[in-house]
Participant: 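Okay, handing you the structure first.
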Amino acid sequence: MMRLFDTMTRTVRDLVPRGGKTFRFYCCGPTVYGPAHIGNFRTFVLQDVFRRSLELSGQATFHVRNLTDLDDKTIRDSQAVGTTLRAFTDHWRDRFHADCDQLNLLRPHLEPGAVDHIPHQIAMIAELMEKGHAYASSDGSVYYRVSSFKAYGRLSRLEHRELKEGASGAVVDDEYDKDSVADFALWKARRPEDGENYWESPWGQGRPGWHLECSAMCREYLGDRFDLHSGGVDLVFPHHENEIAQSEACTGQVMADHWFHLTHLLVDGGKMSKSLGNFYTLDQIEKAGFSPAELRYVLISAQYRQPLNFVAKDAEGNESFPALLGARQALQRLAKFDAALSERSGNPDTPTYDDLLAASEEASFQSALESLRNDLNTPEALGRVFTTIKALDASSLSPEEAARERRGFHRVLAALGLILPAAGEGESAAAPSEVIALAEERRAAKAAKNWPEADRLRAEITALGWEVKDNREGYDLCPKN
RNA sequence: GGCGAGGUCGCCAAGUGGUAAGGCCGGGCUCUGCAAAAGCCCUAUCGCGGGUUCGAUUCCCGCCCUCGCCUCCA
């Protein structure tokens, strides 16, 4: 049984699928107008760990995540580069998918987009108007009447807060026709800057408001009521508040039984922004020489409700990514442990995710799994993995014991979605022939116990930019850095 | 101004009403011709001031500081 904090009730609650068998949930996905940044991926990675933890605990899931392919930014930027909206968002969708694959994220079972669901959204607006929750303005836009929905503000505790006028710096010049400032657009009348991106509706040409797509797609694919809805904390208000207002006013039912929100990633102690130069994409992380697995490790190193400070710059202010460097070391240790168990068990095959889903849970490494089930405590799970590893002496295990421990170990790794680096890493491979020749000479000198000569040859190799490391069989050559 | 989160070892980060997981870095040791690698070991009393309690880092009050959100940013 998995337990998770619920934003609506502000308590940790058991997750029980309402329909019985399958746990059905919706995650607000990315706006596809550029590459996602590592902050976006903190959210998606932890949602992925959430899903994996459920599935590896024997709970079937149905995961829907939308792609926002219709909003001010996608329209604006597609026109800026002179392509159709569809071509533009397809391009960034593909990039997003590639990044997700790199980060070992399970694909959602469904990934709907707003543009393909215009009729659903129009139907919902019509229903809201019928029921008195929406009104058309003189310019052909339609707004949701917030005052008509009694429960508005429950999720974000809006009743206890005051909105500071213009605090967000947003300009609302195109919404002068609203009855109340709190009302939000369900349908936005066509504007010249929208170009060809408009649709016909009973209220004239235009396009749906942003909040509506999720309500419409949730209803289409998950029904009037489903198990859990998730997104970044910034979506609590207004996005999720507005979704609730739209959906529940239509259906008269509770939209989602659980609200799962993920705290933002900070970079070097502050919010990520392009102007601060701390805005990182997966691509940039890889260009700096780090792997997606290393980034994933960093992203799960704090509990999802805590702010995570991603350290990019070291104490001297150099962009050396100490956090990723640390992750590399940690993953390397896990890989070595795995290699030792693998050897001991006599089975080199790594269990796949599907193997693990089919198999029953082992007692080994169970405490780490328990951490994940307890409000998705990823750092505690990692801590328990290392504690368990330290307590285990692989060389004293029987092959059967080693195999069992390894299955438990891999279940935790699979829940965290961690892929281990190859144990050997940095193999010799592509050293130039002259370096190899020197290394061979040195091996001969060593065999003859001619230490001065061996050290002299190592110095020569070092001068050529290579490092020679002895091991049982002979030596490895690595580029020196 | 309102709402919310947070201040735990050099860095990241768990946790608990009874004297604080783990990772990285650093230091020591073992092992190796040396080196590397690997393994082992070591390093905090939990922002400040009160209170409750036999006992608080963990509960309550006040203060200081940091960060996020406040209508289309995960």
Side-chain angles (χ1 to χ4, degrees), chain A residues 10 27-31 36-47 68 71-73 146 156-170 172 175 178 181-185 188 209-213 230-239 241-242 261-266 269-273 297-298 301-303 305-311 314-315 322-334 336 340 368 371 377-390 393 426 446 449-452 454-455 458 462 467-472 475-476 478:
Chain A
R10 315 263 162 164
C27 299
C28 288
T31 300
H37 59 249
I38 60 175
N40 294 311
F41 283 121
R42 182 189 188 193
T43 295
F44 300 133
V45 163
L46 282 158
Q47 286 168 338
T68 293
D71 77 329
D72 290 349
K73 295 186 294 283
V146 166
S156 61
R157 302 189 159 178
L158 189 66
E159 65 274 23
H160 298 309
R161 69 157 101 191
E162 297 168 15
L163 293 181
K164 185 170 181 177
E165 202 71 33
S168 69
V172 290
E175 300 188 346
K178 295 192 291 188
V181 285
D183 293 352
F184 56 91
K188 303 180 106 166
W210 174 54
H211 306 296
L212 193 57
E213 64 173 285
S230 177
V233 273
D234 57 300
L235 298 184
V236 173
F237 183 85
H239 185 56
E241 203 70 81
N242 291 354
H261 289 106
L262 299 103
T263 301
H264 281 181
L265 179 75
L266 301 177
K271 193 181 179 181
M272 209 178 337
S273 78
Y297 186 96
V298 172
S301 68
Q303 206 255 357
R305 279 199 278 148
Q306 303 299 337
L308 169 60
N309 185 23
F310 176 80
V311 181
D314 61 26
L324 288 165
L325 234 26
R328 171 171 299 171
Q329 294 305 319
L331 283 168
Q332 202 61 238
R333 272 185 64 190
L334 296 176
K336 295 207 168 110
S371 294
N377 197 332
T378 48
E380 186 178 76
L382 285 171
R384 289 179 171 180
V385 165
F386 281 102
T387 302
T388 305
I389 285 177
K390 200 189 268 185
D393 176 15
K446 273 186 60 181
K449 294 203 189 297
N450 185 350
W451 311 129
D455 289 346
R458 173 160 49 204
T462 304
E467 196 167 5
V468 59
K469 295 175 178 175
D470 296 336
N471 57 37
R472 300 146 290 290
Y475 57 85
D476 279 328
C478 324

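Just so it is clear: chains get the letters A, B, ... in the order the sequence lines come, proteins before strands, and each one is counted from 1. In this text, all values refer to a predicted model and were calculated from it rather than measured experimentally.
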Participant: Spell out yes or no: do the side chain of A/K271 and the base of B/C67 have one donor N/O and one acceptor N/O closer than 3.5 Å?
Facilitator: no
Participant: On a whole-Å scale, what distance lies between the P atoms belonging to B/A56 and B/A74?
Facilitator: 46 Å
Participant: Checking A/N377 side chain against A/S371 main chain: does a donor-acceptor pair fall under 3.5 Å?
Facilitator: no
Participant: Take nucleotides 22-39 of chain B nucleotide by nucleotide from the 5' end and write B, S or -, depending on whether a protein heavy atom sits under 4.0 Å from the base, only from the sugar-phosphate, or from neither.
Facilitator: SSSS-------BBBBSS-
Participant: Say you pick atom C1' in B/G22 and the same atom in B/A5; how far apart are they, in whole Å?
Facilitator: 23 Å
Participant: Go through B/G15, B/G4, B/A74 for me and flag the one nearest to the A/N377 side chain.
Facilitator: B/G15
Participant: How would you label the contact of A/G209 with the nucleic acid (heavy atoms, under 4.0 Å): base, sugar-phosphate, or nothing?
Facilitator: nothing
Participant: I want to confirm an ordering. Mapping A/A302 and A/T263 to their closest nucleotides on RNA chain B, which one lands closer to the 5' end?
Facilitator: A/A302
Participant: Can you tell me if the side-chain N/O atoms of A/Q306 get under 4.0 Å from OP1 or OP2 in B/A5?
Facilitator: no
Participant: Could you tell me how far B/C59 sits from B/C46 if I compare only their P atoms? Round to whole Å.
Facilitator: 15 Å
Participant: Stems involving RNA chain B: give each as a range paired with a range, ordered by first number, where a stem means at least three consecutive Watson-Crick or G-U wobble pairs under 3.5 Å.
Facilitator: B:1-7 with B:64-70, B:10-12 with B:22-24, B:26-30 with B:38-42, B:47-51 with B:59-63
Participant: Can you tell me, in whole Å, how much space there is between the C1' of B/C69 and that of B/C73?
Facilitator: 10 Å
Participant: Output all residues satisfying ring pair (Phe, Tyr, Trp, His ring centres under 6.0 Å) with A/Y297, sequence neighbours left out; order by chain, then residue number.
Facilitator: none
Participant: For A/P379 versus A/A302, what's the shortest heavy-atom pair and its separation?
Facilitator: CD-C, 3.6 Å
Participant: Between A/D234 (CG) and B/C67 (C1'), how many Å, whole number?
Facilitator: 15 Å
Participant: Taking only residues two or more places apart in sequence, or in another chain, which ones meet A/D234 in a side-chain contact (heavy atoms from CB on, under 4.5 Å)?
Facilitator: A/H264
Participant: For a quick check of understanding: with a heavy-atom distance under 4.0 Å over all strands, which category does A/A323 fall into, base, sugar-phosphate or nothing?
Facilitator: nothing
Participant: Taking atom C1' of B/G4 as reference, at what distance in whole Å does atom CD of A/E241 sit?
Facilitator: 14 Å
Participant: Quote, to the nearest angstrom, the C1' distance that separates B/U53 from B/G68.
Facilitator: 35 Å
Participant: side-chain contact (heavy atoms from CB on, under 4.5 Å) with A/N242: which residues, sequence neighbours excluded?
Facilitator: A/Y152, A/F184, A/H211, A/P238
Participant: Please report the distance separating the P of B/A37 from the corresponding atom of B/C29, rounded so that it comes out in whole Å.
Facilitator: 16 Å
Participant: Starting from C1' on B/G4, measure out to CG on A/L262 and report it in whole angstrom.
Facilitator: 16 Å
Participant: Roughly how far, to the nearest 0.5 Å, is the NZ atom of A/K336 from the CG atom of A/L331?
Facilitator: 11.5 Å
Participant: Return the value, rounded to whole Å, for the distance between atom CZ of A/F237 and atom C1' of B/G68.
Facilitator: 16 Å
Participant: Say we look at B/G6 and B/A13: how far apart would their C1' atoms be, to the nearest angstrom?
Facilitator: 13 Å
Participant: To the nearest Å, how far apart are A/R10 CZ and B/C3 P?
Facilitator: 12 Å
Participant: Does any N or O in the side chain of A/S230 come within less than 3.5 Å of the main-chain N or O of A/C28, such that one atom is a donor and the other an acceptor?
Facilitator: no
Participant: Using a heavy-atom cut-off of under 4.0 Å over every strand shown, decide if A/H37 touches base, sugar-phosphate, or nothing.
Facilitator: base
Participant: Should A/L308 and A/T263 count as side-chain neighbours, where that means a heavy-atom distance under 4.5 Å?
Facilitator: no
Participant: Taking only the C1' atom of each, what is the distance from B/C31 to B/A44 in whole angstrom?
Facilitator: 31 Å
Participant: So, using side-chain contact (heavy atoms from CB on, under 4.5 Å) as the criterion, who are the partners of A/A368 when residues are at least two apart?
Facilitator: A/A381, A/R384, A/V385, A/V412
Participant: When the distance from CE of A/M272 to P of B/G68 is rounded to whole Å, what number comes out?
Facilitator: 12 Å
Participant: Report yes or no: is the ring centroid of A/H264 under 5.5 Å from the six-membered base ring centroid of B/G68, with the two planes under 30 degrees?
Facilitator: no
Participant: Whole Å only: how far is the CZ atom of A/F44 from the P atom of B/C73?
Facilitator: 13 Å
Participant: Measuring from A/L325:CG to A/D314:CG, what's the distance to the nearest 0.5 Å?
Facilitator: 10.0 Å
Participant: For the side chain of A/E380, counting heavy atoms from C-beta on, which of B/C11, B/A74, B/G15 is nearest?
Facilitator: B/G15
Participant: For the atom pair OG (A/S156) and CG (A/L235), what is the distance rounded to the nearest 0.5 Å?
Facilitator: 12.0 Å
Participant: Expressed as a whole number of angstroms, how long is the span from A/D314:CG to B/C12:P?
Facilitator: 13 Å
Participant: So what does A/G39 touch, heavy atoms closer than 4.0 Å: a base, only the sugar-phosphate, or nothing?
Facilitator: base
